[in-house]
Peer 1: 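Before I ask anything, let me first share the structure, which is written out below as structure tokens.
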Amino acid sequence: MTLLFCSAHDDAGAWKAELKPRLPDLEVRVWPDVGDPADITYALVWKPPAGMLAGLPNLKVVLSLGAGVEPLLLDPTLPDVPLVRMVSPGLTDDMAGWVVMQVLRWQRKLDAFAEQQRAGVWKQLVHRPAAEVRVGILGLGVLGEAAARALKQLAFDVAGWSRTAKPLDGVETVHGEDGLVALAARSDLLVCLLPLTDATRGILDRKLFATLPPGAVVINAARGGHLVEADLLAALDSGHLAGASLDVFAEEPLPPGHPFWSHPKIHVTPHVAGITHPSQTADHVAESIRRHRAGRPLTNVVDRTRGY
Ligand code: NDP
Ligand code: OXD
């Protein structure tokens, strides 16, 4: 059985090295050196060229190197085989850490202190205690739940929104359209960890921003397609929003000259919130392959009608 690796973004050598001890009999080929396409049973991919997977006649499982699979679902020729998305402790810990880092940056006034240091100013600015800071999380899946728990651990007042009801210890949870409005109205910081689907595209828009309390901060680590960029700029420039931390963008890399690069209230990171480290995620890939080989049910299979 042969696995085809295809990603311009991930390190093929590192993946081969991690998979070898876990699955010694698995041959790994790296796109575009496919060899005979009929040999390929598994494809481990991030943004493969459209139509590439359709050219593999014996493909049994597509394994996504990313947790979000909307780029794969956009390919109308995507073969009708199980699509397994990335879920792993390393990626989850990364994301929880990135969200906590951004929440703390705003709560603990790090930017103001950086400015003061540049000016040689010693001035203690008082921050609001975590228990009095309300964080709302859109999406309570693997990553949203981990972020909620990490923030809760630091005493933040956390609430979350999901499509279906999801009780979570110590976290106020809501769902549905009314739930979204209620969540936004109580969010000093709003974190987006939703999958990008037809239902969530453009959700971070003028209407939602207007529901946030004045001075709120928007934190997006999900997808650039969730954000209406012009609406964010307008809400920041009007003073209604105090800032934004953005890891994902409609166009990546963020183009030179884009207003986000130089906006004083926007913090940009280059899609690094949750990384698929081979050392931390190869277990997940190997386990999926072992399950498939043994005829056991796969886990983390994408529901294509739901879109995530
Ligand atoms: P999950 O599939 O585990 O969770 C998705 C959550 O979103 C669920 O709680 C789901 O609700 C909720 N949701 C989906 N649609 C809606 C809707 N229409 N209304 C309300 N809630 C909705 O995903 P993950 O947590 O693993 O990942 C989330 C996203 O994070 C990925 O899709 C990806 O885009 C992004 N990501 C970004 C990374 C980065 O580096 N910036 C790294 C990894 C992921 P329900 O529970 O009811 O199904
Ligand atoms: C992912 C990502 O979906 O890296 O895993 O964005």
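Indexing begins at 1, ligand by ligand and atom by atom, following the structure's order.
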Peer 1: With a cut-off of 4.0 Å, which atoms of ligand 1 are near a heavy atom of Leu140?
Peer 2: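 Under 4.0 Å from Leu140, ligand 1 has these atoms: 6 (C), 8 (C), 9 (O).
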Peer 1: Give the numbers and elements of all ligand 1 atoms closer than 4.0 Å to a heavy atom of Gly274.
Peer 2: 39 (C), 40 (O), 42 (C)
Peer 1: In terms of residue, atom name and distance, what is the protein heavy atom nearest to atom 48 (O) of ligand 1?
Peer 2: Tyr308 OH, 2.5 Å
Peer 1: For atom 19 (N) of ligand 1, grab the closest protein heavy atom and report residue, atom and distance to one decimal in Å.
Peer 2: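 The closest one turns out to be Trp161 CH2, 3.2 Å.
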Peer 1: Return the residue, atom name and 0.1 Å-rounded distance of the protein heavy atom closest to atom 1 (C) of ligand 2.
Peer 2: Ala67 N, 3.2 Å
Peer 1: Can you tell me which portion of Val248 lies within the under-4.0 Å heavy-atom range of ligand 1? Options are side chain, backbone, both, or neither.
Peer 2: side chain
Peer 1: Relative to atom 21 (N) of ligand 1, which among Glu177, Arg163, His175 owns the nearest non-hydrogen atom?
Peer 2: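 Heavy atom nearest to atom 21 (N) of ligand 1 belongs to Arg163.
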Peer 1: Taking the inter-plane angle between the rings of Phe5 and Trp15 on a 0 to 90° scale, is it parallel (under 30°), tilted (30 to 60°) or perpendicular (over 60°)?
Peer 2: tilted
Peer 1: I'd like to know whether the aromatic ring centres of His267 and Trp106 sit less than 6.0 Å apart in this structure.
Peer 2: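 Ring centroids of His267 and Trp106 are less than 6.0 Å from each other.
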Peer 1: With heavy atoms only and a cut-off of under 4.0 Å, state how Met95 meets ligand 1: side chain, backbone, both or neither.
Peer 2: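 For Met95, the contact with ligand 1 is made by the side chain alone.
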Peer 1: Between Asp247 and ligand 1, find which residue part has any heavy-atom pair under 4.0 Å and reply side chain, backbone, both or neither.
Peer 2: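 For Asp247, the contact with ligand 1 is made by the side chain alone.
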Peer 1: Any atom of ligand 2 sitting under 4.0 Å from a heavy atom of Arg223?
Peer 2: yes
Peer 1: With heavy atoms of Ala222 as the reference, note each atom of ligand 1 found under 4.0 Å away.
Peer 2: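 Result: 34 (O), 35 (C), 37 (C).
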Peer 1: Starting from atom 28 (C) of ligand 1, what is the nearest protein heavy atom, named by residue and atom, and what distance separates them?
Peer 2: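 Residue, atom and distance for the closest contact: Leu193 O, 3.5 Å.
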Peer 1: More than 12 heavy atoms of other residues, nucleotides or ligands under 6.0 Å from CG of Asp36: yes or no?
Peer 2: yes
Peer 1: Could you pull out, from Arg85, Arg223, Arg201, His226, the option with a heavy atom nearest to atom 3 (O) of ligand 1?
Peer 2: Arg85
Peer 1: Note the single closest protein heavy atom to atom 29 (C) of ligand 1, along with its residue, its atom name and the distance in Å.
Peer 2: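 Answer, as residue, atom name and distance: Leu194 O, 3.6 Å.
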Peer 1: Which ligand 1 atoms are under 4.0 Å away from a heavy-atom of His271?
Peer 2: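 In order of number, 39 (C), 40 (O), 41 (N).
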Peer 1: Any nitrogen or oxygen of Gly66 lying under 3.5 Å from a nitrogen or oxygen in ligand 2? Just yes or no.
Peer 2: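 It does not: no N or O of Gly66 is found under 3.5 Å from an N or O of ligand 2.
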Peer 1: Do Asp157 and Arg134 sit within salt-bridge range, that is, some charged N less than 4.0 Å from a carboxylate O?
Peer 2: no
Peer 1: Tell me which protein heavy atom sits closest to atom 32 (O) of ligand 1, plus the residue, atom name and distance to 0.1 Å.
Peer 2: Pro195 CA, 3.3 Å
Peer 1: Can you find a heavy atom in the side chain of Asp111 that is under 4.5 Å from one in the side chain of Glu115?
Peer 2: no
Peer 1: Return a table of donor-acceptor pairs under 3.5 angstrom between the side chains of residues 54-64 and protein atoms on other chains or two or more places apart.
Peer 2:
unit_1	atom_1	unit_2	atom_2	d
Asn58	ND2	Ala38	O	2.8
Lys60	NZ	Asn58	O	3.2
Ser64	OG	Gly66	N	3.0
Ser64	OG	Gly66	O	2.7

Peer 1: Among all protein heavy atoms, pick out the one at the shortest distance from atom 37 (C) of ligand 1; state its residue, atom name and that distance to 0.1 Å.
Peer 2: Ala221 O, 3.1 Å
Peer 1: Can you list the atoms of ligand 1 that are under 4.0 Å from a heavy atom of Ala67?
Peer 2: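 Ligand 1 atoms under the 4.0 Å threshold to Ala67: 43 (C), 44 (C).
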Peer 1: Give the contacting part of Thr200 toward ligand 1: side chain, backbone, both or neither, where contact means a heavy-atom distance below 4.0 Å.
Peer 2: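 Just the side chain.
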Peer 1: Please report which non-hydrogen protein atom sits nearest to atom 27 (O) of ligand 1, along with the residue it belongs to and the distance in Å to one decimal place.
Peer 2: Leu143 CD1, 3.4 Å
Peer 1: Any Lys/Arg nitrogen of Arg293 or Asp25 sitting under 4.0 Å from an Asp/Glu carboxylate oxygen of the other?
Peer 2: yes
Peer 1: Quick one: does Tyr308's side chain get under 4.5 Å of Arg85's, heavy atoms only?
Peer 2: no
Peer 1: Could you tell me whether the side chains of Thr276 and Trp46 share a donor-acceptor contact shorter than 3.5 Å?
Peer 2: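 Their side chains do not contain a donor-acceptor pair, so the 3.5 Å distance test is not met.
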Peer 1: Which heavy atom of the protein is the closest neighbour of atom 8 (C) of ligand 1, given with residue, atom name and distance?
Peer 2: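 Looking at atom 8 (C) of ligand 1, the protein heavy atom closest to it is Gly141 N, 3.6 Å.
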Peer 1: Suppose we screen for ring-ring contact (aromatic ring centres under 6.0 Å, His included). Which residues come up paired with Phe260, at least two apart in sequence or across chains?
Peer 2: His258
Peer 1: Can you name the atoms of ligand 2, numbered from 1 with element, that are less than 4.0 Å from a heavy atom of Gly68?
Peer 2: 1 (C), 3 (O)
Peer 1: Report, in ascending order of atom number, the atoms of ligand 1 lying under 4.0 Å from any heavy atom of Ala199.
Peer 2: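 Those qualifying, in numeric order: 18 (N).
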Peer 1: Could you walk me through whether Leu140 and Thr173 pass side chain to side chain contact (heavy atoms under 4.5 Å, CB included), step by step?
Peer 2: CA-CA 9 Å; Leu140 289 174; Thr173 60; 3.6 Å; yes
Peer 1: Looking at ligand 2, does any of its N/O atoms fall within less than 3.5 Å of an N/O of His271?
Peer 2: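 Yes, there is a polar N/O contact under 3.5 Å.
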Peer 1: Considering distance alone, does some N or O of Val142 sit under 3.5 Å from an N or O of ligand 1?
Peer 2: yes
Peer 1: Just heavy atoms, cut-off under 4.0 Å: does Met86 contact ligand 2 by side chain, backbone, both, or neither?
Peer 2: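 Looking at Met86 and ligand 2, no heavy atom falls under 4.0 Å.
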Peer 1: Determine whether the side chains of Asp247 and Thr269 contain a donor N or O and an acceptor N or O closer than 3.5 Å.
Peer 2: yes
Peer 1: Got a salt bridge between Arg29 and Glu27, using NZ or NE/NH1/NH2 to carboxylate O under 4.0 Å?
Peer 2: yes
Peer 1: Quick check on Arg304: does its CZ atom have over 12 non-hydrogen neighbours (other residues, nucleotides or ligands) under 6.0 Å away?
Peer 2: yes
Peer 1: Any N/O of Leu91 closer than 3.5 Å to an N/O of ligand 1?
Peer 2: no
Peer 1: Heavy atoms, side chains only, cut-off 4.5 Å: are Pro32 and Cys6 in contact?
Peer 2: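 A side-chain contact is absent here, since even the closest heavy-atom pair is not under 4.5 Å.
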Peer 1: Taking both backbone and side-chain atoms of Thr164, is any N or O found less than 3.5 Å from an N or O belonging to ligand 1?
Peer 2: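 So ligand 1 has an N or O lying under 3.5 Å from an N or O of Thr164.
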Peer 1: Is Glu145 paired with Lys166 through a side-chain N to carboxylate O contact shorter than 4.0 Å?
Peer 2: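 Looking at Lys166 and Glu145, the cut-off is met.
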Peer 1: Might you point out which heavy atoms bring Leu212 and Ala216 nearest each other, and give the distance in Å?
Peer 2: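 Result for this residue pair: CB-CB, 3.8 Å.
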